[in-house]
Amino acid sequence: MRVLRNLLLVFAGLASAGGSVFAASPSADVAHLHVQLVMRQHVMVVGYPSDAGLYFKLEPGWHVYWKNAGDSGEPPRIRWTLPDGISAGPIQFPAPKRLPLGPLMDFGYEDEVLFPLELSATKAALKPTKDLQTVIIHAKVDWLVCREVCIPGKAELETNAYLSPGLLKDVPQPGPDTLLFERLAKTLPVPLPAPDKAVFAPTADGFRLALTTGERESSAEFFPAEQNILSNPAQQAVTPTATGLVLDLKKDPNIAGNPAQLAGVVELSGGRNYEIAAMPGTIAAAAPKTSSTGVVKAAGLAFLGGMILNLMPCVFPVLFIKGLSLVQASGEEKHTLFRHGLVYTAGIVASFWLLVGALLGLRAAGSTLGWGFQFQSPVFVALMAGLLFFLGLSLAGQFEIGLTLTSAGGTLAQKQGYAGSFFTGVLAVVVATPCTAPFMGAAVGFALAQSALVTFAIFTALALGLAAPYLLLTYQPAWTRLLPRPGAWMEVLKQATAVPLFGFVIWLVWVLAQTRGAMAAATLLVTFLLLAIAGWILGRWPAKRVPSVAAGLVIVAAVAVSVYGVTTLGVTAAASATADKGSAGASQWEPWSQALVDKYRAEGRPVFVDFTASWCLSCQVNERVALRTAQVDAAFKKDNVALLKADWTERDDAIAQALASFGRSGVPAYALYTSNSGTPELLPEALTPGIVTNALEKLAAMEATDSAAKTAGDAAKAASDAAKAAGH
């Protein structure tokens with residue numbers, strides 16, 4: 001980045017003639033800015049510091065830089081010429097803002113900025129006179145002002161001040177400079193009240209910064225004081241805690257080792273800016289303070305989302321299986337059916353607990369994972385496809401699984417029937433994770449930001465919602481009597497349930513091809529062939545020891561082929577295909593990055609981000625039902641919306657952090673940014689063309705209102721500036 005900066009300065013220096021002023025005066029109007037040497041009071045008292053500063057007023061779209069300019073640029077510099085006994089302190093830098101520049105990120109200031117400093121006078125500056133004496137404050141200033149191009153500038157600034165040997169009885173009246181200080185100096189960062197309350201710890205790809213302020217913090221931005229420590233364009237994910245926050249930072253890819261401290265400025269909500277120098281330390285797992293009302297609301301949403309999850313495409317195959325088991329047992333007693341309902345519920349709850357325990361453990365170890373994280377593993381996708389294919393063969397009639405999910409060959413009261421009910425609950429959870437039902441996204445995102453106890457409680461509510469319809473059906477005998485009587489037609493229905501399972505398997509093969517290429521998908525087809533051979537052996541020689549052992553060996557070989565094909569033969573196809581996969585319609589979609597979001601918003605364009613994954617069935621449905629329609633495509637083009645696709649098919653910490661910043665922990669998620677609002681509007685997990693177009697219409701109305709307000713504000717500001725200029 002330093003090479004880039006040096007090249008930038010060399011090229012910019014060729015055009016610097018228009019940005020220099022050498023006739024000394026308090027202010028200068030040069031290319032794209034007004035610069036002025038200002039003092040709070042033009043009376044200096046010996047022995048007391050006097051406030052002075054360097055003030056920049058910039059043309060719209062242009063900026064100057066912070067002390068760490070980021071990936072390019074240089075901060076302003078001052079060289080003083082002062083009388084004997086007068087000295088100047090270092091420039092102080094207000095909290096900056098992030099300034100995206102293509103794939104880079106700079107730190108600096110737009111519109112206007114005041115760089116305060118202190119002037120001091122000693123008795124050596126006094127002359128043998130009782131009257132106030134005049135001293136000349138002279139400074140040579142240089143800077144770099146940038147937009148799409150950068151222009152270096154220079155100016156010699158000079159102002160007069162009165163020097164007094166002691167405090168004056170009459171305090172001078174405030175002047176224009178005094179009001180300037182009162183308005184702008186408050187943006188200076190202050191030291192953190194408890195410096196030892198800022199610690200950092202290394203992670204796999206960066207650092208975690210923990211800040212204790214005494215209250216729950218919901219937003220923050222960290223600006224490093226040193227260059228080449230952090231990846232400046234990377235998004236910074238905030239995790240609120242009961243007494244502060246934890247900030248996940250991505251390190252610069254060229255950094256060697258860990259810094260001795262992490263110094264810089266943290267900007268918190270409400271315009272609070274703190275200087276910190278975090279030292280290495282241990283960061284405990286965040287346990288945010290949560291109100292009981294919030295937990296109850298999240299649990300209610302989770303329960304409702306779990307019930308709706310039964311209607312999502314991912315869970316349809318399992319519903320077929322459980323429906324068949326109820327038909328088989330329609331003549332059983334109430335307590336027998338209800339016990340199976342409880343066992344099915346126990347399978348779902350136990351699976352959720354196991355899944356959440358693994359998820360929390362991995363997150364505590366530094367991984368950024370969310371709902372459906374296991375489908376980000378190609379090995380898991382391949383093994384799950386093989387399991388469902390083998391199950392489909394059994395349901396289609398090739399062979400009978402001894403521990404059958406439908407309890408064929410025995411009643412639900414038998415032991416294997418209870419085991420089948422439990423395993424069906426497990427399967428329901430596994431196949432449900434690629435889907436996100438309405439209300440689930442907010443509940444899951446909330447849960448994963450809480451303590452482990454609250455997280456487990458909310459996911460338990462989600463599990464109970466998923467199990468509730470079947471459990472209620474087994475509890476009420478009157479409902480089960482409405483089902484048809486068992487008969488020969490059951491075998492046909494049993495075989496028909498294989499169809500959605502095979503459809504689910506085809507989709508998993510497609511997912512694997514998207515992430516690991518054609519060779520991995522081909523080896524998975526070989527796995528299916530081996531599983532079909534094993535199923536034929538089990539069907540041809542049922543309950544025979546030697547054939548069963550042979551079938552078991554073939555199954556082991558199938559698993560080995562599958563794992564080998566995915567891990568060795570398969571290559572990551574997602575990286576090269578991301579741009580092609582991003583085409584969710586006729587409009588041009590681009591791969592998501594936070595820097596690209598900032599770039600388009602800086603250009604004044606609204607941005608729509610589709611957080612998706614190939615393994616997310618809900619995502620694929622939404623794309624075909626809503627995002628790929630001509631109606632939505634025309635609306636995107638009409639409003640000049642920048643379309644970005646955040647593909648979470650494989651693990652991506654930046655996407656996980658972006659989701660966490662929205663309070664979400666899984667896909668699908670849809671974020672619509674206006675050009676001038678930092679917080680996007682989140683659309684529902686289930687989309688229709690009307691939902692998207694209505695959101696775009698609302699956005700257009702907001703943009704029009706904001707544009708009118710900005711025009712009026714600019715006019716008022718121009719009038720105010722003209723009045724100030726006249727006053728000077």
Side-chain angles (χ1 to χ4, degrees), residues 100 102-103 233-235 372 376 434 436 441 507 510-511 513-515 517 572-659 661-662 664 666-675 680-697 699-700 703:
Q235 186 172 7
Q376 293 176 329
T436 299
W507 172 64
W510 176 80
V511 170
Q514 296 293 301
T515 59
T572 303
S576 61
T578 298
D580 295 335
K581 277 194 304 179
S583 181
S587 297
Q588 182 63 43
W589 290 73
E590 299 178 75
W592 170 90
S593 71
Q594 187 58 43
L596 207 52
V597 173
D598 296 337
K599 172 181 176 293
Y600 283 130
R601 294 183 62 224
E603 294 174 357
R605 293 181 64 184
V607 180
F608 182 86
V609 183
D610 174 13
F611 291 88
T612 184
S614 296
W615 46 260
C616 171
L617 197 54
S618 301
C619 304
Q620 307 308 318
V621 171
N622 285 336
E623 285 191 7
R624 285 154 181 78
V625 169
L627 298 182
R628 291 189 180 182
T629 62
Q631 176 185 355
V632 171
D633 182 65
F636 281 144
K637 290 180 178 178
K638 175 186 175 184
D639 295 327
N640 193 28
V641 180
L643 303 176
L644 305 181
K645 174 162 284 195
D647 192 342
W648 208 33
T649 301
E650 293 186 305
R651 178 180 169 183
D652 188 311
D653 289 347
I655 294 177
Q657 291 169 2
L659 288 168
S661 70
F662 303 146
R664 298 293 175 89
V667 292
Y670 306 98
L672 182 59
Y673 293 84
T674 63
S675 60
E681 178 185 354
L682 296 182
L683 275 61
E685 293 92 339
L687 293 182
T688 64
I691 289 175
V692 180
T693 54
N694 288 341
L696 291 174
E697 290 173 1
L699 176 142
E703 293 276 6

J.: Between Val609 and Leu672, is there a side-chain heavy-atom distance shorter than 4.5 Å?
T.: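 When only atoms from C-beta onward are counted, Val609 and Leu672 do not touch, as no gap falls below 4.5 Å.
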J.: Give, for atom OH of Tyr670 and atom OG1 of Thr612, the distance between the pair rounded to the nearest 0.5 Å.
T.: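 It comes to 6.0 Å.
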J.: Mind listing the closest non-hydrogen atom pair of Ala602 and Pro100 along with its distance?
T.: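 Taking Ala602 first and Pro100 second, the nearest heavy atoms are CB-CG, 4.3 Å.
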J.: For residues Val632 and Ala626, report the shortest heavy-atom separation together with the two atoms involved.
T.: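 Scanning both residues, the minimum pair turns out to be CG2-O, 3.2 Å.
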J.: Quick one: pull up CG in Leu627 and CD in Gln620 and give me the separation to the nearest 0.5 Å.
T.: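 Reported to 0.5 Å precision, the distance equals 10.5 Å.
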J.: Which heavy atom in Ala671 sits nearest to a heavy atom in Pro680, and how many Å separate them?
T.: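 Minimum heavy-atom contact is CB-CB, 4.0 Å.
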J.: Below 4.5 Å, heavy atoms only, C-beta onward: do Val607 and Val641 meet side chain to side chain?
T.: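 Val607 does not reach Val641 side chain to side chain.
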J.: If you compare all heavy atoms of Ala646 against all heavy atoms of Ile655, which two are closest, and at what distance to 0.1 Å?
T.: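 Here Ala646 and Ile655 meet closest at C-CD1, 3.7 Å.
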J.: My understanding is that only residues two or more places apart in sequence, or in another chain, count here; which of them pass side chain to side chain donor-acceptor pair (under 3.5 Å) with Glu603?
T.: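 Once residues adjacent in sequence are excluded, the partners of Glu603 under the side chain to side chain donor-acceptor pair (under 3.5 Å) criterion are Lys599.
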J.: Applying ring-ring contact (aromatic ring centres under 6.0 Å, His included), name anything that partners Phe608, two or more places apart in sequence or on another chain.
T.: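 Result, ring-ring contact (aromatic ring centres under 6.0 Å, His included) vs Phe608: Phe636.
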J.: Judged by atom type as modelled, is there a donor-acceptor pair below 3.5 Å linking the side chain of Arg601 to the main-chain atoms of Pro606?
T.: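 No.
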J.: Give the table of side-chain donor-acceptor pairs shorter than 3.5 Å for residues 686-696, with sequence neighbours excluded, one pair per line with atom names and distance.
T.:
| unit_1 | atom_1 | unit_2 | atom_2 | d |
| --- | --- | --- | --- | --- |
| Thr688 | OG1 | Ile691 | N | 3.2 |
| Thr693 | OG1 | Pro689 | O | 3.0 |
| Thr693 | OG1 | Gly690 | O | 3.2 |
| Asn694 | ND2 | Gly690 | O | 3.1 |

J.: Check whether any side-chain heavy atom of Leu643 sits under 4.5 Å from a side-chain heavy atom of Glu590, and report yes or no.
T.: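 No. Closest side-chain heavy atoms not under 4.5 Å.
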J.: Take Lys645 and Glu623 through the side chain to side chain contact (heavy atoms under 4.5 Å, CB included) test and state the conclusion after the steps.
T.: CA-CA 11 Å; Lys645 174 162 284 195; Glu623 285 191 7; 2.6 Å; yes
J.: Of the non-hydrogen atoms in Pro591 and Leu644, which two are nearest, and what is the gap between them?
T.: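 Minimum heavy-atom separation between Pro591 and Leu644: O-CD2, 4.4 Å.
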J.: Would you please name every residue forming a side chain to side chain contact (heavy atoms under 4.5 Å, CB included) with Ala658, sequence neighbours left out?
T.: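 Listed in chain order: Gln235, Trp592, Phe611.
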J.: Side chain of Arg605, backbone of Asn640: donor and acceptor closer than 3.5 Å?
T.: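 Yes, Arg605 side chain to Asn640 backbone: donor-acceptor pair under 3.5 Å.
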J.: Should the pair Lys638-Glu697 be classified as a salt bridge under the 4.0 Å nitrogen-to-oxygen rule?
T.: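 Judged by the 4.0 Å cut-off on N to carboxylate O distance, Lys638 and Glu697 do not form a salt bridge.
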